[in-house]
Amino acid sequence: MRLALIGTGYVGLVTGACFAEVGHHVICVDNDPAKIKLLQEGGIPIYEPGLKELVERNVAAGRLSFTTRTEAGVQASDVVFIAVPTPPLPDGSVDLSFIEKVAREIASAMTSYKIVVDKSTVPVKTGDKVAETIKRYCKAKVEFDVVSNPEFLREGFAVEDLMHPDRVVIGVKSPRPVNTMKQVYAPFNAPIIVTDINSAELIKHASNSFLALKISYINAISVICEATGANVQEVANGMGMDERIGRRFLDASLGFGGSCFPKDLSAFIKIAEQVGYEFGLLKEVQKINTVQMERFVKKIADTLWVLKDKKIGVLGLAFKQNTDDVRMSPAIDLCQRLQKEGALLRVHDPKAMEKAQAVLKDVTYVGDMNAVADGCDALVVATEWDEFKKLDLARCREAMTHPILFDGRNLFDPVEMEKLGFIYKSIGR
Ligand code: UGA
């Protein structure tokens, strides 16, 4: 099939590459000429495991190309996916101006029937607005269908999630686009659920909010564990064996971050408010997440007594492992809170140092994770990178003024750490 992706960010680029991988002909469009030039020259603007190889292979096979011209993408394709950002506005609601602009651009470029698919995360009822806009701005007055097809990929695992989705959600108003959409997704062998557009849009916000709720729930449990001497990982394991609950997203941490959960929670609370429902449950999810970070900083401050002029090594800057994304990263938030108290930071991340430099100033960026601890009063794990489990702990211990490790991701075993001579404090254990 011939597909266009308008917006070549995380979702657009990875989705485009995966669609090409299964045999579709894909044009990725973006209005950022620098990004398109980079892609055309074989560069990749983000770090995502497996993506570079996928893009190279499909460009070489002639199934994947890049352009800044929306018109070219629309006219060459049967199905046009909208995958542009939907950033938050100051009041927590969603800025839909990119969606509206792209809808107008698609409308003016349409000269024959098109299926216009919204893949961006949008508030319920956005599909109606997109349809209205296309109708208004389509001079050729051709027929079209708007479809909602939310994306569930996780950063750091995007290719894997896209190639093996748990489910594909297709929200439609009429039956006409259903078969084509099923053909687009047939090679992925995933269960397909066809719904109305509003339900499809809601599935996305409801899913992300539920996952955030799961994390806040286990983080709340971690507080009880700390107060009672229980172990949150054992509690999560025991809970997770109940199939109705499931073990995933029950890893207690210093809090969730990223460009999705915090934004989608605020948006969903706002959407609920607009239809007359106060979503107190989700407000509590946000509150627990903030308190979790405050508790972690307090744990560090209580142990070190005074933070001013203390040298602290921070491992991890990305908002999670396997990505260079530092947007709304709890690790960056933590660094800035420690800096505010006067701490001097040595920091490292396997992939995110370059992007972190734009937002995190006046710290020492250290290339080797084992050298972060040098001369430090404490070491902090802020991101759940697997690499950190291979840290040379004996070397770190010797290089520190005091071997104190705060583990915001429960990567190490408390008993082993004590044996190694560390004062070790983690989450809920
Ligand atoms: C999230 C969802 O998981 C995806 O399904 C969704 O498609 C995506 O948002 C989106 O809307 O685009 P993502 O933000 O990439 O994906 O990352 P997650 O793996 O969900 O992690 C989010 C945050 O939660 C990270 O800071 C992570 O460290 C934290 N987390 C995750 C925990 O603290 N504990 C856990 O058990 C799991």
Side-chain angles (χ1 to χ4, degrees), residues 7 9-15 46-49 83-88 94 119-123 149-162 164-169 201 203-222 232-233 235-237 239-240 245-268 285-286 288-290 292-293 296 316-334 349 352 381-386 388 407-411 426-428:
Y10 264 101
V11 171
L13 178 58
V14 189
T15 310
I46 52 170
Y47 171 72
E48 192 61 47
V84 294
T86 48
V94 183
K119 222 173 209 326
S120 305
T121 301
V122 293
N149 171 222
E151 184 45 62
F152 302 103
L153 64 83
R154 292 163 302 160
E155 286 184 24
F157 302 88
V159 173
E160 192 185 313
D161 285 351
L162 260 158
H164 308 284
D166 287 346
R167 79 302 205 185
V168 172
V169 175
E201 289 167 341
I203 286 170
K204 173 68 188 188
H205 271 123
S207 298
N208 270 8
S209 299
F210 190 81
L211 290 169
L213 180 148
K214 245 186 133 175
I215 300 168
S216 275
Y217 187 82
I218 202 67
N219 280 340
I221 300 288
S222 79
V232 74
Q233 275 176 324
V235 176
N237 291 343
M239 287 170 63
I245 298 173
R247 176 63 179 82
R248 294 174 75 192
F249 280 68
L250 283 183
D251 289 320
S253 67
L254 74 178
F256 58 76
S259 65
C260 302
F261 285 173
K263 165 183 86 109
D264 290 350
L265 269 177
S266 303
F268 206 27
V285 169
Q286 290 181 315
I288 293 170
N289 202 46
T290 308
Q292 191 72 356
M293 174 62 80
F296 191 64
L317 297 167
F319 82 100
K320 59 182 279 190
Q321 64 168 327
N322 286 347
T323 180
D324 61 354
D325 195 347
V326 296
R327 288 175 293 170
M328 299 291 284
S329 168
I332 301 281
D333 181 17
L334 174 71
D349 190 283
V381 175
T383 308
E384 67 272 40
W385 281 97
D386 263 344
F388 296 160
D407 186 349
R409 298 292 185 166
N410 288 351
L411 290 191
S426 53
I427 309 275

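Along the sequence shown, residues are numbered consecutively beginning with 1. When a ligand or atom number is given, it counts from 1 through the structure's own listing order. The analysis underlying the following values was restricted to heavy atoms, covering all of them including side chains, and did not include hydrogens, waters or symmetry mates.
When heavy-atom distances to ligand 1 are checked against a 4.0 Å cut-off, R248 has no atom that comes that close, whether in backbone or side chain. The proximity of N208 to ligand 1, defined as any non-hydrogen pair under 4.0 Å, is limited to the side chain. Contacts between K204 and ligand 1 below 4.0 angstrom, taking non-hydrogen atoms only, involve the side chain exclusively. The part of F261 lying near ligand 1 is the side chain, judged by heavy-atom distances below 4.0 Å.
Remark: minimum distance from atom 18 (P) of ligand 1 to any protein heavy atom is reached at K320 NZ, 3.6 Å. Protein heavy atom nearest atom 37 (C) of ligand 1, with residue, atom name and distance: F249 CD2, 3.5 Å. In terms of protein heavy atoms, atom 6 (C) of ligand 1 is closest to L153 O, 3.2 Å. With hydrogens left out, the protein atom closest to atom 30 (N) of ligand 1 is I215 CD1, 3.5 Å, a heavy atom. Taking atom 15 (O) of ligand 1 as the reference point, the nearest protein heavy-atom neighbour is E155 N, 2.7 Å. Given atom 5 (O) of ligand 1, the protein heavy atom at minimum distance is F152 O, 2.8 Å. Counting protein heavy atoms only, atom 26 (O) of ligand 1 is closest to F319 O, 2.8 Å. With respect to atom 24 (O) of ligand 1, the closest heavy atom belonging to the protein is F256 CB, 3.2 Å.
Contact between E151 and T15 at its shortest, heavy atoms only, is OE1-OG1, 4.2 Å.
To the nearest 0.5 Å, atom CE of residue M293 and atom OG of residue S253 are 8.5 Å apart. Atom-to-atom distance recorded for Q286:CD and F256:CZ is 7.5 Å, nearest 0.5 angstrom. In this structure, the separation between CG on L411 and CH2 on W385 is 12.5 Å, given to the nearest 0.5 Å. For the atom pair CG of D264 and OG1 of T86, the computed distance is 7.0 Å after rounding to the nearest 0.5 Å. In this structure, the separation between CD1 on I218 and CD1 on I427 is 12.0 Å, given to the nearest 0.5 Å.
Legend: residues meeting salt bridge (charged side-chain N to carboxylate O under 4.0 Å, His left out) with E155, ordered by chain and number and at least two apart, are R327. Residues meeting the side-chain hydrogen bond (donor to acceptor under 3.5 Å, both in side chains) test with S216, sequence neighbours left out: none.
Taking every non-hydrogen atom of E384 and a distance limit under 4.0 Å, the qualifying atoms of ligand 1 come out as 27 (C), 28 (O). Which parts of ligand 1 touch S253 is read off a 4.0 Å heavy-atom cut-off, strictly below it: atoms 32 (C), 33 (O).
In this pair, H205 and F268 present their aromatic rings parallel. The plane angle is below 30°, not in the 30 to 60° band.
For ligand 1, none of its N or O atoms has an N or O atom of R154 under 3.5 Å away.
In this structure a side-chain-to-backbone donor-acceptor pair under 3.5 Å is missing from E48 to T323.
Assignment of G258 to the shell around ligand 1 is not supported, since no heavy atom sits closer than 4.0 Å. Note on ligand 1: Q321 sits outside its first shell, no heavy atom being nearer than 4.0 Å.
A 4.5 Å side-chain heavy-atom check between N208 and T121 finds every atom pair outside the cut-off.
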